[in-house]
Amino acid sequence: MEDAKATRSNFIWDIVQADLAAGRCEKVHTRLPPEPNGWLHIGHAKNIYVNAGTAKRFSGLCNLRIDDTNPAKEEQEFVDGIKGDIQWLGYQWDGGLFFGSSYFDQCYELAEKLILDGLAYVEDLSQEEMRQYRGTLTEPGRNSPFRNRSAEENMDLFRRMRAGEFPNGARVLRAKIDMASPNINMRDPTLYRILHMPHHQTGDKWCIYPMYDFAHPIQDAIEGITHSMCSLEYEAHRPLYNWVVEVCGFPNHPRQIEYARLNLTRTVMSKRYLRKLVEEGHVSGWDDPRMPTLAGMRRRGYKPEGILDFIERAGVAKADSVVELALLEHCVRENLGEIAPRAMAVLRPLRVTIVNWPEGETDAITLENHPNHPEMGTHTIRFGRHLCIEQEDFMENPVGKFFRLKPGGEVRLKGAYIIRCEECVKDALGNVAEVRCTADLSSRSGSEGADRKVKGTLHWVNAEDAAPFEARLYEPLLNDEDAIAEEVEGEEAVPDRKDFIARLNPRSVEVLTGCLAEHCLLSAKDGDVFQFLRMGYFCKDRDGFAFNRTVELKDSFKKASR
RNA sequence: UGGGGAAUGGUGUAACGGCAGCACCUACGACUCUGACUCGUAUUGUCUAGGUUCAAAUCCUAGUUCCCCAGCCA
């Protein structure tokens, strides 16, 4: 029996299951049609899960089809990124890799066929005139004066369009359907437009390019796709999709199924704005850890397993929804908690001197790499007279239930000794610069005197072994909802302002300065991610350390201090 | 106001005429060599109004709200 997670169903699977049962298709074949105009983001992960995942679920195949029908918006550089991200997520295009542009010949031939069949015509009206003839949501459109050209004339004009005789926008090829249709998408939609622009795959071969509505169903049908999953906004295009498959005479009929795209709280998902963030330099690139891209999340230390678990738990349905970021964080944390080796690091160091510990003498402390997985081994660090602890782990004037270090109080240093704070030394500004403590030498972890309980336990680093590291500063683009509201209010003249402001999770980014024990740096070579005890975790990427604080201190002392 | 969709706790998602379940969030408690993790407990829900039925989230009628469509974008 499969476990509950694996059997979690959704309405798409029900449809596919029914199609299979009714014999409407023999083997499930889906496709992934990303447009190469940016890097994949967490929303695409859902698309991958839905399409490639459905194929996997029913032992079918999934194609990767680079959807590059519009040369104006697409760039070669994104293709490799897309492929890499899909593989990183753990999916393959076992059905093959295709390019929408490789069907240009077939699209063109079918367009000629439609002309011959009297189902398409060349339009001379300008864009503006076409808009007027189209009617409105409540009024029917009017037939174009060019609607009843002969097949011969249409063919001649269309071939001349292809030959490059006309400038951009001079003419288009339209489907002849119904200008009075209540569905505006059926009011003689455009099939082909003139675009004198080289294509990153086909070069200068074409100066006319098919529209999505024409190309997509053709591509699906040619590839033998059985189920074509896309987002809700294509629902009204489904009649057109079916019309194209029908009139082109394909024996097989792919089925388009729409589902609600993924929305996340506090997260900008529109590729247009993500692109703007990159192009205007608000972030370092598509893989900036603040970006909701798969590349950004990868750099943050997220693992595909956590992301996929999130997608699955968020579910697939037809209702528009906004999933809380907390669910993503939970899934990622759960995944990382299981696999990440533990390490101690201090981000904002506060010097601690153990006054009864001899200068120059050290004690080797062995710590497990994972509390639940002894097979992950141990690592050894040194305890000495000079240590660093977290600034926030000491309070000169403690409030409420503050279990950590305070004057006269005791805490255990993880894996080592219980220490007592004797006094704190301040700098010229009155800030605590150093805490002087005594260690209970009989309380060493593992020794006989170790069972004495103290309320707090702190992580620490031996100052001498600490390797200062320079972290990249990933400040949140915006701190909180109030700030967003304020900015939006003040910038009303810019309509896009609200969307443009990246509502990226402020908790995912932390400015840090501090030090790492040397062993951490060494261990980091083996695995990217460390569970960082109470704090969350941090990851190492090619540029250095990025700290991701996903676990907030939600303790009662925090409340008391308000 | 045309057409196409969707409405279930704070959030997301199940239940396809038969006990409204699960997860996240939140709160409280237990545990703990960090207050994390883990474990336990709890609050909160079927858009509205009628109707059919022994029985309605589910079927019917009317209404309400939200989303998408008037690109030579996808």
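Proteins get letters first, then strands, A, B, ... in listed order; numbering begins at 1 in each.
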**Report entry** A/R174, A/R171, A/R147 screened by side chain to side chain donor-acceptor pair (under 3.5 Å) with A/E123, the one that passes
**Finding:**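 The side chain to side chain donor-acceptor pair (under 3.5 Å) with A/E123 is passed solely by A/R174 among A/R174, A/R171, A/R147.
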Short side-chain N/O contact to [N] OP1/OP2 from [X], under 4.0 Å:
{"X": "A/T457", "N": "B/rC33", "answer": "no"}
{"X": "A/K453", "N": "B/rC33", "answer": "yes"}
{"X": "A/R142", "N": "B/rA70", "answer": "no"}
{"X": "A/R171", "N": "B/rC72", "answer": "no"}
{"X": "A/R452", "N": "B/rC33", "answer": "no"}
{"X": "A/R261", "N": "B/rA74", "answer": "no"}
{"X": "A/T69", "N": "B/rA74", "answer": "yes"}
{"X": "A/S321", "N": "B/rU13", "answer": "yes"}

Query raised in the report: Under 3.5 Å, is there a donor-acceptor pair linking the side chains of A/D363 and A/Y417?
Result: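 Indeed, the side chains of A/D363 and A/Y417 share at least one donor-acceptor pair under 3.5 Å.
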Requested in this report: Could you please spell out the steps behind the salt bridge (Lys or Arg N to Asp or Glu O under 4.0 Å) verdict for A/E223 and A/R31?
Outcome: CA-CA 9 Å; A/E223 290 179 15; A/R31 105 268 95 113; over 6 Å; no
Closest to the [X] side chain: [options]?
{"X": "A/E233", "options": "B/rC68, B/rG12, B/rA70", "value": "B/rC68"}
{"X": "A/A317", "options": "B/rU13, B/rA74, B/rC33", "value": "B/rU13"}
{"X": "A/Y212", "options": "B/rC25, B/rA6, B/rA74", "value": "B/rA74"}
{"X": "A/A236", "options": "B/rC24, B/rG3, B/rC73", "value": "B/rG3"}
{"X": "A/H459", "options": "B/rC25, B/rU34, B/rC33", "value": "B/rU34"}
{"X": "A/D320", "options": "B/rC67, B/rC73, B/rG71", "value": "B/rC67"}
{"X": "A/R412", "options": "B/rC33, B/rA6, B/rC37", "value": "B/rC33"}
{"X": "A/L327", "options": "B/rG71, B/rC24, B/rC73", "value": "B/rC24"}

**Report entry** Whether over 12 other heavy atoms sit under 6.0 Å from A/E448 CD
**Finding:**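 No, CD of A/E448 has 12 or fewer neighbouring heavy atoms, counting only those of other groups under 6.0 Å.
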Nucleotide paired to [N] in any strand shown, Watson-Crick or G-U, under 3.5 Å:
{"N": "B/rA42", "result": "B/rU26"}
{"N": "B/rC37", "result": "none"}
{"N": "B/rU13", "result": "B/rG21"}

Query raised in the report: Mind telling me whether B/rG29 is syn or anti, cutoff 90° either side of 0?
Result: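 Anti, which is what one calls it when the glycosidic angle falls more than 90° from 0.
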Query raised in the report: Can a salt bridge be assigned to the pair A/E75 and A/R275 using a cut-off of 4.0 Å between side-chain N and carboxylate O?
Result: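 Yes, charged N to carboxylate O under 4.0 Å.
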